[in-house]
Amino acid sequence: MSETQDPTRYEPAEAEPAVFDRWESAGIFAGDPEGDPANSFSIAIPPPNVTGALHMGHALNGSIQDVLIRLNRMRGKNVRWTIGTDHAGIATQTKVEQALVDEGTSREQIGREAFVERTQAWRQQYGGTIINQFRRLGVSADYAHERFTMDEGYVRAVQQVFVALYEQGLIYRGTYLVNWDPGSRSAISDLEVEDREVTDTLFEIAYPLSDGSGEVVVATVRPETMLADVAVAVNPADERFAGLIGKSVVLPLVGRELPIIGDDYVKTDFGTGCLKITPGHDPNDFEIGHRHGLETLTCIGEDGRITGGYAPAFEGLSTAEARTAIVEELRAGGSLRAEEDYTHTVPFSHRSGERIEPLLSLQWFMKMEELAQPAIDAVRDGRVRIHPESQSRRYLQWLEEIRPWVLSRQLWWGHQIPVWYRGDETYCGIEPPRGEGWERDPDVLDTWFSSALWPFATLGWPEQTPELRTFYPTSVLSTARDILFLWVARMVMMGLRFPGEIPFGDVYCHSVIQAPDGRRMSKSLGTGIDPLALIDGGPRPAVFAKKKGADAGEFPAYGADAVRFGLLAMSSTQDVRFSEEKIAQGRQLITKLSNAVRFAAGRLEGLDVELPADGSPLAPGAASRLEDRWIVSRTERIARETAARIDEFDFAKAALGLYDFVYGELCDWYLELVKAREAATDPDLGRVLAWALRRTLQIAHPVIPFVTEDAWGRIPGTDGLLAGSRLPAPDDALLDGDAEHDLGRVIELISAVRSWRSTANVPPGPILPARLEADGYDDEARAHAARLARVELVDGAGDAVLVAVPGGQVAILAGEHVDPDAERSRIAKRRAEVEAEIERTAARLGNEKFASRAPAEVVAAEQAKLDGLREELRTL
RNA sequence: GGACGUAUAGCUCAGUUGGUUAGAGCGCUCGCUUCACACGCGAGAGGUCACAAGUUCGAGUCUUGUUACGUCCA
């Protein structure tokens, strides 16, 4: 960062905050709740965790949604983007508990009421962080209607849904295995569990048949749980054990008799093909036990030590000690048949780092089949479309094998379950029960239960608000793939069940942005990047060093636009690796565009460049200039393409297509071509230049909103905010295929001469005399070609170097810089290439089967290519 | 172990239903203080499209197999 400000460089840090303030104070982010539902475009943001800070996934998803929102706002849609945060039960509770511990107290000491108050206060103070970070990114959401999954109306929506599902018999209470964390002595959610790969020992243990006719050998990594075994299972299709189903075995060390059951969960090719069934300590066994009506025993307590009274010798031992002791005893008793290393993934607690102990406890659940079927239908019949399409298969697969959902969490922060108990009585209702002696269920609901209501609860449901009528169903849900089940599927179920309509028409699953080494971006691995460090500048983590092993240094302050562009350009239908180059590419585009506007503004200074009422920059019927017709046509095409790509969620193509247009057409050619003209005496130029820049800024605005808004105000004749401007309807009258073709030839000609110059070592400066020996170039085209190729078109004869161009050749006359003799080797090389290609093409055309079987247009294209090559060969 | 996905330039990625001499950005090389821009302008080098068979007039693209990697599920 230099001390002196270079005025040719756009400074995002200066421009962005001011631009954002202008948008917000103009109130353009708010939709009209009374608008026509048919003209609505709405999005409910996936609510980020209230404890969170913006990470790369949020930044990508925020950029994606903002592109959709801004494009549709400029189309004149009535736009609503609901923003807000999720109360995130465990994460938030953990944060506050940590603070209490630091103060030398605990949640148990201060009590539930004080704890919840304390957490509310914490949220008031810190919960807005991520929302403000979204502002930095340029997110144009409706901040005035920010929602929280525990605000007043939302609590009512959650309770109403719970009570309704309870009354309909879909919510019930039962025993279930939870993820018990022996370290923190509480149940934790799946989200707080991380799978780690460990190497355990797979033990093979013989269980003798009760009738003495032999034995079965089971394989297990957790022999200590055998004390609570209730059965042995084999696959009914497994011929080895076909005769055993229905017989029984004797459990070693304990002596209990266990039935042998058949269940096709058992894999015939894993372990020994016999599985011990311990419903009290393994989720899969629990399912199998349920299917077969087996009882559930437990032999491990909440402290992770052996209990149960099945084998007193091991009681009180930790699971690890018990494992050693049990294996020893089995070995001594001759029951241990084999042991081998076995690498697999097992769950660990994020909080304590201890291995999760599945534990049986009383929980609230929800039956899912009845809710799942309509959600399956909605995707099958296309009312909800999932992009990319491949993800819908995963969605359907999961719903088709859906299992009951455990709703209750042993936490204090969240939606407390609206159920009260008195003796054997149970009451479920929104209002507390009348009478004395009732006690409320202490548990809260899984955070995803309330999140599932997000698309409609944020619009005021269960009240029939104007917002709900206008903006529900929402248009698009954009999210990371990994919560397709946890969240998306549940929103579809709840939307169909309660408001009675799908919650959104399109679901877009965006890429996961990985670290350069292909790992996930993660704070703990040091592979994460704070998007604010890219926007404002900040330390670059070591894995992102430009050269391996070198000091990683700092990110430059790329600004929000560059970060948005880069993330969108990186995004794909699959996971992608983060590339700082794409962010830098965005910064280049921004600088380029800013300078283009600077150039145009200089030309247009003091001119009236109001457009005719129909919006067309070209005077009707007038003989407009080639380059003007060309840029108008090209701009119109890019406008359509970019919008179409955004509509089909191809954000990378939209962003990179913009880059190519701004660099490769607008700046490289149009601005260069018009430099010979003077706006003050050329009314066409003023209009077309202003039009092309304005349209380009409009097209680019959804992707790079700040710089385009800043530039918008610098073009004469624009008023109001770009973000609030209306896109004109597509206009076929602006398309001009002839102009595109004709100027395309001029560009090819100029490029051919430049290329020759460079490879022939002719200095770029001098203007060389040359003859244009080619058809199809009018005076205008000749003038452009001469100026940008730096040649002077003459009629003189003489020795010359020939450069092949569309329609013929340019003969550069021999002179100070041009020596035809020195050209020989270059020409010979090119001739060899052309001859080889002619040979290939002629052979293809001469192939009888090609001529007869290939489509006519392919054959014609080959013939045209051959003709072109033969023409070039003549010039060589 | 199962399912799905991915292998294209030094790096990160495009590449429509098979059809010109496979593209872009970055990096690299050469040239340029061309009056919007050196975060610039012009030109260029660089690819056995992972490997092996097959289908076809024609394969980066389709089929099968192999290898490597990734994600999810168990």
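Proteins come first, then strands; the chains are lettered A, B, ... in the order of their sequence lines, and each starts at number 1.
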**Report entry** Sugar-phosphate or base contact per nucleotide [nucleotides 11-21 of chain B; S, B, -; heavy atom under 4.0 Å]
**Finding:** -BSSS---BBB

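Side-chain atoms of A/S751 and A/E748 form no donor-acceptor pair, as typed in the model, at a separation below 3.5 Å. There is a side-chain donor-acceptor pair under 3.5 Å between A/Q391 and A/R394.
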Query raised in the report: When you look at A/E580 and A/Y558, which way does the side chain to side chain donor-acceptor pair (under 3.5 Å) test go after all the steps?
Result: CA-CA 10 Å; A/E580 191 179 340; A/Y558 285 111; 2.7 Å; yes

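Across all strands shown, A/S755 has heavy atoms under 4.0 Å from sugar-phosphate atoms exclusively, and none from any base. Among the heavy atoms of the strands, none lies under 4.0 Å from A/F565. Among the atoms of the strands shown, base atoms are found under 4.0 Å from some heavy atom of A/E672.
Pair assignment for B/rG5: B/rC69, on the basis of Watson-Crick or G-U wobble contacts that are both within less than 3.5 Å. Of all nucleotides present, none satisfies the Watson-Crick or G-U wobble test against B/rA45 with each distance under 3.5 Å. In this structure B/rU12 sits in a base pair with B/rA24, meeting the Watson-Crick or G-U test at under 3.5 Å. Within the shown strands, B/rU64 is the pairing partner of B/rA52 under the Watson-Crick or G-U definition, both distances less than 3.5 Å.
Between the CZ atom of A/R603 and the P atom of B/rA36 there is a distance of 7 Å, given to the nearest Å. When the P atom of B/rU71 is taken as reference, atom CH2 of A/W398 falls 22 Å away, rounded to whole Å. Distance, A/Y10 OH to B/rC39 C1': 14 Å, rounded to whole Å. Taking atom CZ on A/R790 and atom C1' on B/rU34, their separation rounds to 6 Å, with Å as the unit. Regarding A/R714, its CZ atom lies at a distance of 13 Å from the P atom of B/rC37, rounded to whole Å. One can place CD of A/E11 at 14 Å from C1' of B/rC37, the figure rounded to the nearest angstrom. At whole-Å resolution of the value, CZ in A/F599 and C1' in B/rC41 are 14 Å apart. Separating the CZ atom of A/R393 from the C1' atom of B/rU71 is a distance of 14 Å, rounded to the nearest angstrom.
Residues A/L671 and A/N761 both approach RNA chain B. Their nearest nucleotides, taken by heavy-atom distance, put A/N761 toward the 5′ side. The residue among A/R587 and A/R481 whose nearest nucleotide of RNA chain B lies closer to the 5′ end is A/R587.
Contact check, A/Y663 against B/rC37: no side-chain N or O comes under 4.0 Å of OP1 or OP2. An OP1 or OP2 oxygen of B/rG25 is reached within less than 4.0 angstrom by no side-chain nitrogen or oxygen of A/Q588.
Across all their heavy atoms, A/V791 and A/I767 have their closest contact at C-CG2, 3.8 Å.
Using P as the reference atom, B/rG15 and B/rC73 are 28 Å apart when rounded to the nearest Å.
Taking 4.5 Å as the limit, every side-chain heavy atom of A/L593 sits out of range of all side-chain heavy atoms of A/Y10.
Cation-pi geometry between A/R490 and A/W405 is met: the NZ or CZ atom falls under 6.0 Å from the ring centre, inside 45° of the normal. Cation-pi geometry between A/K592 and A/Y659 is not met: the NZ or CZ atom fails to fall both under 6.0 Å from the ring centre and inside 45° of the normal.
Remark: side-chain polar atoms of A/R790 are paired, donor with acceptor, to backbone N or O of A/G765 under 3.5 angstrom.
Between B/rA43, B/rA36, B/rA24, one nucleotide has an atom nearer to the side chain of A/S751 than all others, and that is B/rA43.
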